[in-house]
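Accompanying notes for the structure given below.
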Amino acid sequence: QVQLAESGGGLVQTGGSLTLSCAASGRTSPSYIMAWFRRAPGKEREFVAGVGRSGEQKFYADSVKGRFTIARESAKHTAYLQMNSLQPEDTADYYCAANYGVGWRRAEFAARAMSFWGKGTLVTVSS
């Protein structure tokens, strides 16, 4: 089992930036992939970004490409989501997810493929 704990959510103005963190603990071997998802009020959960076990493979949703950056520090078992140029439509609960694997393919980051989930952190972007 891998336990995930998100932090860094909050209130930010349109155009602002925020960095989310996801700390993993528990059975962190074998290596695992990590991802961020979000659920906006009244909408379905959606994939935001994912990073492979080496940190080199990265995938993004079209809606956040060029604005969000995912990274991980394997030694600290932590993933980050740097969010820039935030817009009101980015308002959502953001969830960290993980699964054992390599992360070479985008399909590995589907929500149904994730075994472990954090409780989420709320990001609110005011207009």
List the atom pairs, with distances to 0.1 Å, where a side-chain N or O of residues 1-13 and a protein N or O form a donor-acceptor pair under 3.5 Å, not counting sequence neighbours.
{"from": "Glu6", "atom 1": "OE1", "to": "Lys119", "atom 2": "N", "distance (Å)": "3.1"}
{"from": "Glu6", "atom 1": "OE1", "to": "Gly120", "atom 2": "N", "distance (Å)": "2.9"}
{"from": "Glu6", "atom 1": "OE2", "to": "Cys96", "atom 2": "N", "distance (Å)": "2.8"}
{"from": "Glu6", "atom 1": "OE2", "to": "Gly120", "atom 2": "N", "distance (Å)": "3.1"}

Task: Heavy-atom check, side chain of Leu86 versus side chain of Leu18, under 4.5 Å - done: yes

TODO: Answer yes or no: is there a donor N or O on one side and an acceptor on the other, between the side chain of Glu46 and the main chain of Glu44, under 3.5 Å?
DONE: no

- [ ] Determine whether Tyr60 and Tyr94 fall in the same hydrophobic cluster, where Ile, Leu, Val, Met, Phe, Trp and Tyr are linked whenever their side-chain heavy atoms lie under 4.5 Å apart.
- [x] yes

TODO: Kindly give the heavy-atom pair with the smallest separation between Arg39 and Lys43, and that separation in Å.
DONE: CG-O, 3.4 Å

Task: Geometric cation-pi criterion Arg112 and Trp117, 6.0 Å radius, 45° cone - done: no

Open item on the list: Show the nearest heavy-atom pair for residues Thr14 and Ser126, with the distance to one decimal.
Closed with: OG1-O, 2.7 Å

- [ ] Indicate if Tyr32 and Trp36 have the same hydrophobic cluster label, given that clusters are the connected sets of ILVMFWY residues with side-chain heavy-atom separations under 4.5 angstrom.
- [x] yes

Open item on the list: Show, in sequence, the C-alpha distance, side-chain angles and deciding distance for Met83 and Ser17, and conclude whether the side-chain contact (heavy atoms from CB on, under 4.5 Å) test is met.
Closed with: CA-CA 5 Å; Met83 305 184 294; Ser17 298; over 6 Å; no

Open item on the list: Could you check whether Asp90 pairs with Arg67 (Lys NZ or Arg NE/NH1/NH2 to Asp/Glu carboxylate O, under 4.0 Å)?
Closed with: yes

- [ ] Scan for salt bridge (Lys or Arg N to Asp or Glu O under 4.0 Å) pairs involving residues 73-83, sequence neighbours excluded, and state none if there are none.
- [x] Glu73-Lys76

Open item on the list: How close do Ala92 and Arg38 get, counting heavy atoms only, and between which atoms?
Closed with: CB-CB, 3.9 Å

TODO: Output the distance between atom OG1 (Thr121) and atom CG (Leu81), rounded to the nearest 0.5 Å.
DONE: 11.0 Å

- [ ] Can you spot which of His77, Arg72, Met114 makes a side chain to side chain contact (heavy atoms under 4.5 Å, CB included) with Met34?
- [x] Arg72

Side-chain donor-acceptor contacts of residues 47-59 below 3.5 Å, not counting sequence neighbours, with atom names and distances?
{"from": "Ser54", "atom 1": "OG", "to": "Glu56", "atom 2": "N", "distance (Å)": "3.2"}
{"from": "Ser54", "atom 1": "OG", "to": "Gln57", "atom 2": "OE1", "distance (Å)": "3.1"}
{"from": "Lys58", "atom 1": "NZ", "to": "Ile70", "atom 2": "O", "distance (Å)": "3.1"}

- [ ] Answer yes if Val64 and Val125 sit in the same cluster of Ile, Leu, Val, Met, Phe, Trp and Tyr residues linked by side chain heavy atoms under 4.5 Å apart, and no otherwise.
- [x] yes

Open item on the list: Donor-acceptor check, side chain of Ser115 to backbone of Asn99, threshold 3.5 angstrom: yes or no?
Closed with: no

- [ ] Would you check if Leu20 and Val123 make a side-chain contact, meaning some heavy-atom pair closer than 4.5 Å?
- [x] yes

Task: Smallest separation among heavy atoms of Ala35 and Phe109, with atom names - done: CB-CD2, 4.0 Å

